[in-house]
**Student:** 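A single structure is presented below for examination.
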Protein chains: 2
Amino acid sequence: MEISPLTVNRLSLYLRCLHSLEGEGVGRISSLELAQQFHLSAAQIRKDLAQFGEFGIRGVGYEIPNLIERLTSLLGLDRIHPMIIIGFGNLGRALAASIGFNSGNFRVVAGLDNDPAKIGRRVGGVLVHDASETAAVVAATEAEIGVLTVPAEAAQANYDRLVAAGIRSILNFAPTRLSLNAAVRTKDVDLRIDLEELSYFLSS
Amino acid sequence: MEISPLTVNRLSLYLRCLHSLEGEGVGRISSLELAQQFHLSAAQIRKDLAQFGEFGIRGVGYEIPNLIERLTSLLGLDRIHPMIIIGFGNLGRALAASIGFNSGNFRVVAGLDNDPAKIGRRVGGVLVHDASETAAVVAATEAEIGVLTVPAEAAQANYDRLVAAGIRSILNFAPTRLSLNAAVRTKDVDLRIDLEELSYFLSS
DNA sequence: AGATGTGAATGAGTTCACAGCT
DNA sequence: AGCTGTGAACTCATTCACATCT
């Protein structure tokens, strides 16, 4: 069955809530309690989980440690995901150094840039390579995720190079419409569009 | 009529495409050509635009300068939107300095942090104030958008302070589920969830 | 008794297909 | 003739409500 990204994103959310409950020592919880505590929908929690099997106990609820384990495994968070960052401008550098981004199972293992002043440097613990060596760096680091933080004009060329290098997925911050390769899962983070949405609702 | 954020986000996209065409000297375009060039849906372009009036000429298409003007005005991009950044860690600093973020009609006019080492400093052209002075800073700068780049634990407190200070909208980067105030439009950018989505589809 | 898991109902969003202008 | 604007059809997503199980 094909799972929607909306569902997957909610699973992430549920997992985060469960970790927080586990930290408080709670051992089990019903969909209703979970929904009320975190402003979610109980029916949706059950529907989302039910797509992957029967995780709960009728009349009781869900065992938190068990559910955490199942969701962690489902989301692929039981193994390390090496990432490379392409474009060491402000945003690329910040993400390389950010503990929120570079933590848990996600590890920034290398950087790429085309600026000679940056190549060979170690920025926030990450060594920056020449972007022309994308293929070699992807192969050597076994990077699974490429984080595109280059200017819009450079995005398509760097995207194509990442795809050719055999990367498996891409998180794109460049504010441009990439011509996509179906074999590589790509997720856009377009802050310009986010701001313009806020602008619209400010004015409306 | 209540417009969906999905529609608004596509308007941003259309506007971007139109700017690019205008730069190439194209004067008018049909929904079909626009769709083909940028991998969009012609029917959806027409439906989206039709929600706001009749912008096109039947049998001909859309006048690009005219449509750009209408969309710019619709999205509220014909005036400046002052922004403040709350939390001058890696991400906050990067956004303050990033031309992609801090450009066009969006201007970072001040920063807030609770670290004495940062307060009073000018980082990337932006003066950092004590977070306890949120209300005064919002009033003085007339900031419309608050960009929350604090750690998850600090997010709710800073959110509440922004709301109390009279901010109109918030872009939240903290990976947490905020308890929201309905009067303040809030948009989440949750990079952790984006990465976990990629992780899921890597494994599945 | 009480909460899960799920078909059925509703709602949101997209695509189709064509009437109506220019 | 050709493209917009739009009701109708369809697909996707969420919510409801209850049979099912512990």
Side-chain angles (χ1 to χ4, degrees), chain A residues 1-14 17-18 21 26-71 74 177 188 193 197 200-201, chain B residues 1-15 17-18 21 26-71 74 177 193 197 200-201:
Chain A
M1 185 188 15
E2 191 51 46
I3 304 293
S4 139
L6 293 170
T7 302
V8 176
N9 291 348
R10 283 191 300 265
L11 294 184
S12 284
L13 213 51
Y14 302 157
C17 298
L18 292 166
L21 289 165
V26 184
R28 62 162 67 125
I29 195 163
S30 71
S31 59
L32 189 66
E33 290 171 304
L34 191 58
Q36 284 171 344
Q37 276 199 48
F38 298 94
H39 310 103
L40 305 166
S41 144
Q44 189 150 63
I45 292 169
R46 295 200 300 275
K47 246 240 151 119
D48 287 338
L49 296 177
Q51 294 192 63
F52 299 94
E54 309 209 348
F55 294 174
I57 308 160
R58 294 183 191 214
V60 177
Y62 300 91
E63 296 283 348
I64 291 179
N66 173 45
L67 189 51
I68 285 178
E69 194 186 327
R70 302 294 303 269
L71 289 178
L74 265 173
R177 193 136 185 90
D188 287 319
I193 285 181
E197 179 189 320
Y200 172 83
F201 288 106
Chain B
M1 186 190 12
E2 191 50 48
I3 305 293
S4 136
L6 292 170
T7 301
V8 176
N9 291 348
R10 284 191 300 265
L11 295 183
S12 284
L13 213 52
Y14 304 156
L15 181 54
C17 298
L18 292 166
L21 289 166
V26 184
R28 63 161 66 122
I29 195 162
S30 71
S31 60
L32 189 66
E33 290 170 304
L34 190 59
Q36 284 170 345
Q37 276 198 48
F38 297 95
H39 310 104
L40 305 166
S41 144
Q44 189 149 63
I45 292 170
R46 295 200 299 277
K47 256 261 140 100
D48 287 339
L49 296 177
Q51 294 192 63
F52 299 94
E54 308 209 348
F55 293 174
I57 309 162
R58 293 182 192 217
V60 177
Y62 300 90
E63 297 283 349
I64 291 179
N66 172 45
L67 190 51
I68 284 178
E69 195 187 325
R70 301 294 303 271
L71 289 178
L74 265 174
R177 193 135 186 90
I193 285 183
E197 179 189 320
Y200 173 83
F201 288 106

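FYI, side chains are in, hydrogens and waters are out, and symmetry mates aren't considered; it's all heavy atoms of this structure.
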**Student:** In whole Å, what is the span from the CD1 atom of B:Ile45 to the C1' atom of C:dT14?
**Tutor:** 13 Å
**Student:** Nearest whole angstrom, please: distance from the P of D:dC12 to the CD of A:Glu2.
**Tutor:** 11 Å
**Student:** I'd like a table of atom pairs between the protein and nucleotides 18-20 of chain C - only N or O on both sides, under 3.5 Å - with the distance next to each one.
**Tutor:**
residue : atom : partner : partner atom : Å
C:dG20  : N3   : B:Arg58 : NH1          : 3.4

**Student:** With a 4.5 Å limit on heavy-atom distance, are the side chains of B:Leu34 and B:Tyr62 in contact?
**Tutor:** no
**Student:** Hey, does A:Ser41 reach any base, or is it just sugar-phosphate, or nothing, if we go heavy atoms under 4.0 Å?
**Tutor:** sugar-phosphate
**Student:** Please state how far atom CG in A:Leu40 lies from atom P in D:dT15, giving the value in whole angstrom units.
**Tutor:** 11 Å
**Student:** Rounded off to whole Å, could you give me the CZ-to-P distance for the A:Phe55 and C:dT6 pair?
**Tutor:** 12 Å
**Student:** Might you confirm whether atom CD of A:Gln37 has over 12 heavy atoms from other residues, nucleotides or ligands at distances under 6.0 Å?
**Tutor:** yes
**Student:** Expressed in angstrom and rounded to an integer, what is the separation of A:Gln51 atom CD from C:dG7 atom C1'?
**Tutor:** 14 Å
**Student:** Report yes if a side-chain nitrogen or oxygen of B:Ser31 is closer than 4.0 Å to either non-bridging phosphate oxygen (OP1 or OP2) of D:dT4; otherwise report no.
**Tutor:** yes
**Student:** Measure from CD on A:Gln44 to P on C:dA9 and round the result to the nearest Å.
**Tutor:** 20 Å
**Student:** Are any of A:Ser30's side-chain N or O atoms less than 4.0 Å away from OP1 or OP2 of C:dG2?
**Tutor:** no
**Student:** Within the structure, does a side-chain N or O atom of B:Ser4 lie under 4.0 Å from either OP1 or OP2 of C:dG13?
**Tutor:** yes
**Student:** Out of curiosity, A:Leu18 CG to A:Ile68 CD1, how far, rounded to the nearest 0.5 Å?
**Tutor:** 5.5 Å
**Student:** For D:dG5, take OP1 and OP2 only and decide whether either is under 4.0 Å from a side-chain N or O of B:Tyr62.
**Tutor:** yes
**Student:** In whole angstrom, give the distance that lies between atom NE2 of B:His39 and atom P of C:dT15.
**Tutor:** 15 Å
**Student:** Phosphate oxygens OP1/OP2 of D:dT14: is one of them under 4.0 Å from a side-chain N or O of A:Arg10?
**Tutor:** yes
**Student:** For D:dT14, does the base pair up with any side-chain atom of A:Lys47 as donor and acceptor (N or O, under 3.5 Å, distance only)?
**Tutor:** no
**Student:** Grab the CG-P distance between A:Leu6 and C:dT14 for me, whole Å please.
**Tutor:** 11 Å
**Student:** Tell me what A:Arg28 touches on the nucleic acid: a base, only sugar-phosphate, or nothing, going by heavy atoms under 4.0 Å.
**Tutor:** nothing
**Student:** Kindly indicate whether the side chain of B:Ile45, heavy atoms from C-beta on, has any atom under 4.5 Å from the side chain of B:Phe38.
**Tutor:** no
**Student:** Heavy-atom distance under 4.5 Å between the side chains of B:Leu71 and B:Leu49, does that happen here?
**Tutor:** yes
**Student:** Atom OG1 of B:Thr7 and atom OH of B:Tyr14: how far apart are they, to the nearest 0.5 Å?
**Tutor:** 8.0 Å
**Student:** Roughly how far, to the nearest 0.5 Å, is the OG atom of A:Ser12 from the CG atom of A:Leu74?
**Tutor:** 10.5 Å
**Student:** Please compare A:Ile57 and A:Ala43 by the position of their nearest nucleotide in DNA chain D and report the one closer to 5'.
**Tutor:** A:Ala43
